[in-house]
Amino acid sequence: MNNMAVCNYIVGVLGAVIGGLIMQAASAFPLAFTENGPGPGFWPFSLGAVLCSVAVFLLLYTFWNRTELASEQVALTSVGNKRVYMMMGLVVLFCVLINLLGFYPASALLIIAIMRLMDYRNIKVIALTTVLTLVFIYLVFGMLLHTTMPQSIFLE
């Protein structure tokens, strides 16, 4: 079960399904170019299409090299893989916290958690990175692009 071919097939199918769902959701928004640039669905649709393309490429690559890949074992419980699972959990937690706390507090917690997960321990650098990242996001998206970030459900 834990050979590279099986894992590649699973990842390829999941990637294609997720990419397709992203494209389907993005197609609800205008995709066409206007004088102001592409419609709001253009970039999400493009990213979904890229994800589907890469997933199909992975499936084809795995099919063509299935003999060699079937002999490679995958250690799903290795230290590196556990760190990836924890990162996935942080992203899911971030999605939940955006609704509960709002974008900026959830982002601050995510940045700190990721830096700690990557074994970075210098508190001053973590704090500075968090503040500078949030200021950059605020300046670019809030001030320049006039984008409203999600607010806490408790503030609505």
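Both backbone and side-chain heavy atoms feed into the values below; hydrogens, waters and symmetry mates do not. If you read the sequence from its start, that first residue is 1, and numbering goes on from there.
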Distance in Å, L90 CG paired with L97 CG, rounded so as to fall on 0.5 Å steps: 10.0 Å
Among pairs that include at least one residue of residues 125-137, which meet salt bridge (charged side-chain N to carboxylate O under 4.0 Å, His left out), considering only residues two or more places apart or in two chains? none
Per the ring pair (Phe, Tyr, Trp, His ring centres under 6.0 Å) rule, what does the pair list look like for residues 77-102, sequence neighbours excluded? none
Enter the distance from M118:CE to M86:CE here, rounded to the nearest 0.5 Å. 9.0 Å
Quick note, side-chain hydrogen bond (donor to acceptor under 3.5 Å, both in side chains) partners involving residues 48-66, not counting sequence neighbours, are N8-T62
Applying side-chain hydrogen bond (donor to acceptor under 3.5 Å, both in side chains), which residue pairs with at least one partner in residues 110-128 are found, sequence neighbours left out? R83-D119, D119-R121
Qualifying residues under side chain to side chain contact (heavy atoms under 4.5 Å, CB included), relative to P44, sequence neighbours excluded: A26
Suppose the criterion is side-chain hydrogen bond (donor to acceptor under 3.5 Å, both in side chains): which pairs have a residue in residues 87-115, not counting sequence neighbours? none
Under 3.5 Å, which donor-acceptor pairs do the side chains of residues 15-25 form with other protein atoms, sequence neighbours left out?
none

Working for side chain to side chain contact (heavy atoms under 4.5 Å, CB included), residues L93 and L109: CA-CA 10 Å; L93 181 62; L109 291 174; over 6 Å; no
Suppose we screen for side chain to side chain contact (heavy atoms under 4.5 Å, CB included). Which residues come up paired with S78, at least two apart in sequence or across chains? A75, N81
All pairs passing salt bridge (charged side-chain N to carboxylate O under 4.0 Å, His left out) where residues 40-59 contributes a residue, at least two apart: none
Any pair counted as ring pair (Phe, Tyr, Trp, His ring centres under 6.0 Å), so long as it reaches residues 15-38, sequence neighbours left out: F33-F42
Let me have the donor-acceptor pairs involving side chains of residues 138-148, under 3.5 Å, with sequence neighbours excluded, atom names and distances please.
| from | atom 1 | to | atom 2 | distance (Å) |
| --- | --- | --- | --- | --- |
| T147 | OG1 | F141 | O | 3.4 |

Suppose we screen for side chain to side chain contact (heavy atoms under 4.5 Å, CB included). Which residues come up paired with V74, at least two apart in sequence or across chains? M4, C7, L76
